[in-house]
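Below is one structure, written out as structure tokens; comments come after it.
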Amino acid sequence: METRGIEDMFDFRRFPKDGLALLLLLIYSPVGLFLMLLRIFIGVHVFLVSCALPESFVRRFIVRIMCSVLGMHVRQNNPRSRDRNTKLYICNHVTEFDHNIISLLTPCNTPQLEGSTGFVCWARGFMEMYAASGQGALGESLQRYCSTDGTQPLLLFPEEDTSNGRACLLKFSSWPFSLTDSIQPVALRVTRPLLALSTPEASWLTELLWTFFAPCTVYHVSWLPPVSRQDGESMQEFANKVQELLACELGLVSTQITKADKAEHIKRKRHTAPQTSTSVRPGSLSLGFMVQSSGTEEHRIIKMAQQVKDVLPDVPLNVIARDLVKTNCIDATITNLLENSEDSPVEAGGASTFGSSRSSSTFSSGAVPTVKPAAKSFGKSPADRHLSLQERKEALYNFARRRYIEKHGLDREDSH
């Protein structure tokens, strides 16, 4: 996965980090709450008006004015560049309401590729694809739609997911460019004071409420000249060319980061966040170690701690569990506990002592009572003594691993 710049493409914080901006947001909050409630009431009327009026310039004009009252202002550049014969608009994706904004400027349809169907799909302004199942069938259905006379243009977002629109563009998928040989790029830039435009994994309804709460959200729409696919140019090459055009227009950087990379990045952030914000809660699991987790997580840690205890019976459960909370891996915890012997003094007779400075607990019994890999003689030089310690550590580790494998009936290959 390409990670360069991926942190800058998405906002994981809704509120600003700057202290002054945060203070202004706090002062604005009562006004924002009042505006949100008022705009919810007005928004219901906007929805009813848009349903009652037929598709026309008058309808788009009225709804656009009412959307301005909701805090969603629309501005467009180069409206004369819009080609009325184009059957496919290609736009970058910033918010959950980009298709609604573009439809205020020109009649177009955006197919619902994933998510809710039925009334919710229709109410959000999407075109539901009933017969399409799978990307191949969807492409064929949309291709037939584009080749049908009298249909409204399609509006597609080849990024397939949103970004904050400030740093980079996600990689354009190639399948939208297989529908027609000529497309019109649409560059979309969105700005909002005090609050982030969107956060990953937030629902469209949550984003709508934050839009109503914010003072305003300004959508800048720029129409670029139509672009046609050249002879011998592949779909992906055509997609990359359009991506570069939009990136240059917006002052952004084209990347190869895909929707799947975004999902993986969000998953990693979700798993690393609890580890960095672990709070102190003594007495958890009745083992005397500190962990912040649910009941299911506690049960899993208990089970893993007991497995480590079977291998290293002389190590207290609270020490094992504390290390498991950090590593979340049985092998890694066994290794850490064995390596702790390096910090303890090694006697010539071979009895090793485990110690942990972090837990402030020591126990001087051998790592495994039945095995005492001791050096034949005490090394005269520091290098010899270090080599002896490494040999003892390796022997202890191999014995612990072998005992764990034999107890649980695992193959050696599965334990790595």
Side-chain angles (χ1 to χ4, degrees), residues 267-347 349-375 385-416:
K267 183 178 179 181
R268 290 180 178 178
K269 293 281 288 188
R270 190 190 309 123
H271 285 293
T272 56
Q275 297 179 7
T276 58
S277 61
T278 302
S279 63
V280 174
R281 184 162 57 91
S284 178
L285 309 188
S286 301
L287 295 176
F289 68 94
M290 295 168 288
V291 64
Q292 179 185 20
S293 59
S294 62
T296 304
E297 182 72 10
E298 292 178 355
H299 179 74
R300 189 178 64 86
I301 293 294
I302 290 175
K303 186 177 180 180
M304 294 170 64
Q306 190 58 51
Q307 291 176 345
V308 177
K309 180 72 173 176
D310 293 339
V311 179
L312 303 175
D314 298 294
V315 183
L317 275 176
N318 65 325
V319 177
I320 297 173
R322 185 181 293 111
D323 195 86
L324 280 172
V325 171
K326 299 175 183 177
T327 63
N328 199 29
C329 177
I330 293 176
D331 283 346
T333 294
I334 293 175
T335 302
N336 291 341
L337 294 175
L338 290 173
E339 287 181 350
N340 282 336
S341 61
E342 186 175 353
D343 300 330
S344 304
V346 180
E347 299 177 359
S352 62
T353 303
F354 287 89
S356 176
S357 60
R358 284 172 290 185
S359 60
S360 301
S361 63
T362 58
F363 43 98
S364 57
S365 59
V368 180
T370 57
V371 176
K372 293 183 180 180
R385 291 193 293 271
H386 180 72
L387 180 61
S388 174
L389 178 61
Q390 291 298 110
E391 292 173 350
R392 287 165 49 75
K393 246 174 59 177
E394 185 68 23
L396 286 171
Y397 179 76
N398 291 335
F399 176 77
R401 177 179 289 274
R402 187 166 58 253
R403 182 172 177 178
Y404 176 77
I405 292 172
E406 292 174 355
K407 179 175 181 63
H408 296 279
L410 301 176
D411 295 330
R412 288 183 176 272
E413 296 179 355
D414 298 335
S415 64
H416 290 285

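Everything numeric here is computed off the predicted structure, so don't read it as measured data.
Taking all atoms of both residues into account, the shortest heavy-atom contact from Ile330 to Met304 is CG1-CE, 3.9 Å.
The closest side-chain heavy-atom distance from Leu337 to Val308 is below 4.5 Å.
Distance check, rounded to the nearest 0.5 Å: CG of Asn328 to CG of Asp323 gives 11.0 Å. Going from atom CD1 of Ile301 over to atom CD1 of Ile320 covers 12.0 Å, rounded to the nearest 0.5 Å.
Partner of Thr333 under the side chain to side chain contact (heavy atoms under 4.5 Å, CB included) criterion, chosen from Val315, Thr327, Val325, Leu312: Thr327.
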